[in-house]
Structure formats: structure tokens, C-alpha cells
Colleague: 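Can you read through this structure? Questions will come right after.
Note that this is a predicted model, so its numbers are computed, not measured.
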Amino acid sequence: MFRDSMEYEQRKQKPFKPTQITLSDIHAAVPKHLFTKSTFVALQYVFRAVGLAAAFYLVTASLDRWTQSHHTIYDSSLLPVAIQCVVWPAYWLFQGLAFAGFWCISHEAGHGTLSSVGWVNHVIGYTLHTFLLVPYYAWRTTHHMHHKATNSVEREENYVPRTRSDYSLPSEDRSKTLDYQEIFDDTPLFVLGKMLLMQLLGWQSYLLQNTLGSPMYPPGTNHFSPSSQLFKNEKKHRIVLSNVGLALMSSILLVYAYQAGLRNFVVFYFIPYLLANHWIVMLTFLHHTDPTIPHYRAKEWTWLRGTLATVDRPLLGPLGRFFLLNVSHDHIAHHLFSNIPFYNQPQVTEILRELLGEDYNFDSTNSFRALYRSFTECCFIEDDGDIVFYKNKDGKAQRQLATS
């Protein structure tokens, strides 16, 4: 279960060379009908997601009231305690997934794939992202920039690799294993703590201070300031609109916490919210952060090469498809055709799998194992080289370039 998959091992052993497939070849292989958007179909997914989240809340709240009313000093039955021990973890798991599903729906809305009517996309995306305290228009802007510069060392927007010089490491010919281990070799418990910090707070840290974002922006860059260098002047009024929504949602949560109590706010909203952030960070981190996936500098980067530097993963299996709308299962298809609705992307993936052959990156490694592997092995890249791979805590790359 926690071993690297056969696909990963084979990719690691195969020297890398950029694809010879052209964008014209790819576009010619995908039927035009898959680009068709259906507002009716999309709304079914939206209502399903909202309905499930509401049902999870109402059922759990009902069971919580029942268990509290029966678990008193006059009733020593263990049944209410047993029910709570089952209900709360189940609620947090599924509501966290439901909230992450809201994020995925808004992500699709930001790409305009829910409907051919623009305002429908924006109303749905703005509402669901705001519910999760995500600045819809601000993140939509930087996410589109990510799609335009995927895995470009100079222009990528998020999860940008840090370089040897960023860590003040000696040059490669002068470095010793100890030099790397002094920076990257931590105890397992400390590694776990850093991973938990990234999973639970990494999303907010990116929005608030551009953590692991592009170093081309100055310190203090964030997704909330209309004057941030992330946004062009014509976008600034939308950043304000995002902030208005966040202020309104924060007020609603404060009123809820005051009226229902802090305990109910924490167990019904805040814990699922943190778990949703975990799934968001996990899936976005693993899309492009992998020891076998290249990053390109300007001389070698093209849009197609960057787009194919992506990994499809069966994150959570059927649950991932159901709640997260194929976002990890079909991520290569999404990057190539972000204007194709998510419910058609599985068909695109099957076409790409056959067309791309060895250039199609898939990894069936357990996603938690893959998360640990990428977190501990994707440490830095070299300051030079036009096609580079992450190096690990011993200063070694897991994949090499093919020789000419």
C-alpha cells in the first residue's frame, strides 16, 4: 500500500526527453462534442454537492442533540458515547470532502466550464468559494496565470521550486552530503509536524503571504490587497468584490459562533474547513511536485511541455471522482483542455493515455505515500540547467535527462 507504484518506478528509471507530440496532434484527437457545456448537467452537480453538505450537517446535528440529551448524569449508557465516537469522525471526513468539492466546483466555474453563460459560472464560483473564505476573483486570476506558465521556473505562480542558492548551499562540485543533510535531514516527527502545518495551513499561507509562490513578487504579496502586483489594474475592482464577500461570510460565521456556541462552530464548520484545506493542498501540491517531473527554464519551456509536466493520480479512488470532480484523476486533460467540462474529462484522459504513450504521467502510488515522498524528496533544483528535476536531501536527482 505504501510502496511506489510500478508506473513511478518505470518513469524514474527512464531518462527524460521532451515530448515529440505536437499540440495539433492532441487537438485533432479530441472530439468536438466533448467541449459542449451543459448548464443543466453542471447544476445537478452543484445541487448534489450542496445537498450532501446540508444533509451531513442536519443528520449530524440531529444525532448530536440526541446523544447530548441522553448522555446525562442520570443516564450512564455508553450508547450515546459510542454514537458520538462514530458520527463525528465520519462527519468531519465527509463534510471535509464536501467542502473540498465546493472548492473544485468553484475551480471549474473559474474556468467557465459550468455554463456557457458567464454570470452563472461567476455566481456559483463566487458563492461557494466565499463560503470557504476563498477570494474567488483573486485566486481565479493567479490560477489562470498558473495555467499559462505551468512548471516554468521563472513564471510559474505556485509551488515554485527553490534553488541551491536560495538555501545558500555550496556549489555542486564542492558540496558534501552533510551540507544537504544539515538543511533537509529532519527527524521523522519534525517532518510530520511540517507536513501537518502545510496541509492544514498551507492554503491560507499561500493566499496571505504567497508562500511557495513566485519569488518574482515582493515580500508582502497576497491575494487580498487590490494593489498587489498579482493583479492588473482592470482586475482590482473584482479583488474588492472578493473581499466584500469574505467580510460578509466572516460576519455570518461570527454570528453563528455567537448564537450556536464556539463548540458548534468548531465541530460543524472549522474542522471540516481545515480538512477541506488539507485536500486542496494535497491535490494541488501533487499535481506538479514529483521527483520524476521536470521544470523548465525559458530556453526550453513551451506551453505544451509545461502542461504535460503534470501527474494524474487516483486520489481517494471513487470518492475522489465523486466529491472532487475528477480534479486529480484527469489533471493532464484539464491542463490541456481547461475549457472542457469536468464530466467529459475522463474521456479525454483515455484518448491522451493512448496518444501520449510514455509521455503520459500516471502514478497509482497511494496518494499519502506520494505526498510524503514529494515532501521529503523534492527539496531544491539547481540554479542552472534548462530542464531540471528536484534533488533530494542527499543532493541527488531521481531522474536524469536523456543524452542527445
Side-chain angles (χ1 to χ4, degrees), residues 23-53 97-132 134-148 150 235 238 241-242 245 279-280 283-284 287 303-304 306-308 310 312 315 318-356:
L23 194 57
S24 297
D25 296 331
I26 295 172
H27 276 268
V30 178
K32 300 302 181 187
H33 73 270
L34 295 179
F35 290 81
T36 303
K37 305 167 188 176
S38 170
T39 305
F40 178 72
V41 172
L43 287 177
Q44 291 180 63
Y45 284 96
V46 174
F47 290 139
R48 183 185 76 178
V50 174
L52 281 173
L97 284 170
F99 283 8
F102 287 3
W103 184 90
C104 292
I105 290 172
S106 298
H107 163 252
E108 294 297 324
H111 283 290
T113 63
L114 298 184
S115 174
S116 57
V117 181
W119 68 264
V120 173
N121 290 295
H122 293 316
V123 167
I124 294 171
Y126 181 85
T127 301
L128 294 182
H129 258 175
T130 299
F131 177 80
L132 298 174
V134 176
Y136 170 71
Y137 287 111
W139 183 76
R140 177 177 179 266
T141 298
T142 57
H143 184 64
H144 282 199
M145 292 160 66
H146 155 68
H147 271 259
K148 293 177 180 178
T150 308
K235 302 285 187 182
R238 293 192 172 188
L241 185 58
S242 292
W279 296 120
I280 293 165
L283 64 91
T284 54
H287 285 160
W303 184 85
L304 180 58
T307 292
L308 292 180
T310 305
D312 281 352
L315 176 66
L319 281 179
R321 282 209 180 274
F322 183 85
F323 284 103
L324 307 179
L325 307 184
N326 307 322
V327 70
S328 287
H329 290 72
D330 305 305
H331 200 65
I332 296 173
H334 169 69
H335 262 270
L336 283 166
F337 301 101
S338 58
N339 55 339
I340 289 182
F342 63 89
Y343 44 80
N344 288 337
Q345 293 288 16
Q347 297 176 63
V348 180
T349 293
E350 291 307 310
I351 294 170
L352 294 175
R353 189 191 298 269
E354 182 175 348
L355 178 66
L356 294 174

Colleague: Test side chain to side chain contact (heavy atoms under 4.5 Å, CB included) on Thr150 and Leu308 and set out the steps.
Modeller: CA-CA 9 Å; Thr150 308; Leu308 292 180; over 6 Å; no
Colleague: Holding to side-chain hydrogen bond (donor to acceptor under 3.5 Å, both in side chains), I want the full list of residues that pass it with Thr307, two or more places apart in sequence or in another chain.
Modeller: none
Colleague: Drop me the distance from Cys104's SG to Ile280's CD1, to the nearest 0.5 angstrom.
Modeller: 7.5 Å
Colleague: Identify, with sequence neighbours excluded, every residue that meets ring pair (Phe, Tyr, Trp, His ring centres under 6.0 Å) alongside His329.
Modeller: none
Colleague: If the condition is side-chain contact (heavy atoms from CB on, under 4.5 Å), which residues does Lys148 pass it with, not counting sequence neighbours?
Modeller: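 Per chain and number, Lys148 pairs via side-chain contact (heavy atoms from CB on, under 4.5 Å) with no residue.
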Colleague: Can you tell if the side chain of Asn121 reaches within under 4.5 Å of the side chain of Thr113, non-hydrogen atoms only?
Modeller: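 In short, these two side chains do not touch, never coming nearer than 4.5 Å.
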Colleague: Sequence neighbours left out, what passes side-chain hydrogen bond (donor to acceptor under 3.5 Å, both in side chains) with Thr141? Give chain and number order.
Modeller: none
Colleague: Suppose we screen for side-chain contact (heavy atoms from CB on, under 4.5 Å). Which residues come up paired with Ala42, at least two apart in sequence or across chains?
Modeller: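 Per chain and number, Ala42 pairs via side-chain contact (heavy atoms from CB on, under 4.5 Å) with Leu114.
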Colleague: Could you check whether any side-chain heavy atom of Trp279 comes within less than 4.5 Å of a side-chain heavy atom of Phe99, counting everything from C-beta outward?
Modeller: no
Colleague: What are the two closest heavy atoms between Ser242 and Ala138, and how far apart are they?
Modeller: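 What the structure gives for the nearest pair is OG-N, 3.7 Å.
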Colleague: Who passes side-chain hydrogen bond (donor to acceptor under 3.5 Å, both in side chains) against Tyr136, sequence neighbours left out?
Modeller: His122
Colleague: What are the two closest non-hydrogen atoms of His147 and Trp303, and how far apart are they?
Modeller: O-NE1, 3.1 Å
Colleague: Can you name the residues that form a ring pair (Phe, Tyr, Trp, His ring centres under 6.0 Å) with Phe337, not counting sequence neighbours?
Modeller: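 Testing Phe337 for ring pair (Phe, Tyr, Trp, His ring centres under 6.0 Å), a comparison that skips the adjacent residues, returns His27, Phe35.
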Colleague: His144: what forms a ring pair (Phe, Tyr, Trp, His ring centres under 6.0 Å) with it, not counting sequence neighbours?
Modeller: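 Ring pair (Phe, Tyr, Trp, His ring centres under 6.0 Å) list for His144, sorted by chain: His111.
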Colleague: Using every non-hydrogen atom in the two residues, find where Val41 and Ser38 come nearest and quote the distance to one decimal.
Modeller: N-OG, 3.1 Å
Colleague: Applying side-chain contact (heavy atoms from CB on, under 4.5 Å), can you list everything that pairs with Thr39, at least two apart in sequence or on another chain?
Modeller: Leu43, Ser115, Val120
Colleague: If you define the side chain from C-beta out and look only at heavy atoms, does anything of Leu336 sit under 4.5 Å from Val30?
Modeller: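 In short, these two side chains do not touch, never coming nearer than 4.5 Å.
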Colleague: State, yes or no, whether a side-chain contact exists between Val327 and His334 at a heavy-atom distance under 4.5 Å.
Modeller: no
Colleague: Kindly compute the distance separating OH (Tyr343) from CD (Glu108), expressed to the nearest 0.5 Å.
Modeller: 9.5 Å
Colleague: State, with a plain yes or no, whether a side-chain heavy atom of Leu283 is found less than 4.5 Å away from one of Trp103.
Modeller: yes
Colleague: As a quick check of understanding, evaluate side chain to side chain contact (heavy atoms under 4.5 Å, CB included) for His146 and His335, giving each step before the final call.
Modeller: CA-CA 10 Å; His146 155 68; His335 262 270; 3.3 Å; yes
Colleague: For the atom pair CZ (Phe342) and CG (Leu325), what is the distance rounded to the nearest 0.5 Å?
Modeller: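 Nearest 0.5 Å value for the CZ-CG distance: 4.5 Å.
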Colleague: Give every residue pair that meets the salt bridge (Lys or Arg N to Asp or Glu O under 4.0 Å) criterion with at least one member in residues 327-341, sequence neighbours excluded.
Modeller: Arg321-Asp330
Colleague: Residues in side-chain contact (heavy atoms from CB on, under 4.5 Å) with Leu52, at least two apart?
Modeller: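 Only Arg48, Phe56, Phe322, Phe323 meet the side-chain contact (heavy atoms from CB on, under 4.5 Å) criterion with Leu52.
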Colleague: What verdict does the side chain to side chain contact (heavy atoms under 4.5 Å, CB included) test give for Val50 and Leu128, after you've listed the backbone C-alpha separation in whole Å, the side-chain angles of each residue and the deciding distance to 0.1 Å?
Modeller: CA-CA 9 Å; Val50 174; Leu128 294 182; 4.2 Å; yes
Colleague: Determine the minimum heavy-atom distance between Ser106 and Ile124, stating which atoms define it.
Modeller: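 Closest heavy-atom pair between Ser106 and Ile124: OG-O, 4.1 Å.
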Colleague: When the ring planes of Trp139 and His107 are compared, do they come out parallel, tilted or perpendicular, using 30° and 60° as the limits?
Modeller: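 Tilted.
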Colleague: Can you list everything that forms a side-chain hydrogen bond (donor to acceptor under 3.5 Å, both in side chains) with Gln345? Sequence neighbours excluded, please.
Modeller: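 Testing Gln345 for side-chain hydrogen bond (donor to acceptor under 3.5 Å, both in side chains), a comparison that skips the adjacent residues, returns none.
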Colleague: Measure across Asp312 and Ile332 and return the closest heavy-atom pair with its distance rounded to 0.1 Å.
Modeller: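 Nearest pair, atom of Asp312 first, then Ile332: OD1-N, 2.9 Å.
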Colleague: Write down the atom of Gly101, the atom of Leu324, and the distance for their closest heavy-atom approach.
Modeller: N-CD2, 4.2 Å
Colleague: Could you tell me whether the side chain of Asn344 reaches within less than 4.5 Å of the side chain of Thr36, counting heavy atoms only?
Modeller: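 No, their side chains stay 4.5 Å or more apart.
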Colleague: Take His129 and Tyr137, measure what side chain to side chain contact (heavy atoms under 4.5 Å, CB included) needs, and give me the verdict at the end.
Modeller: CA-CA 9 Å; His129 258 175; Tyr137 287 111; over 6 Å; no
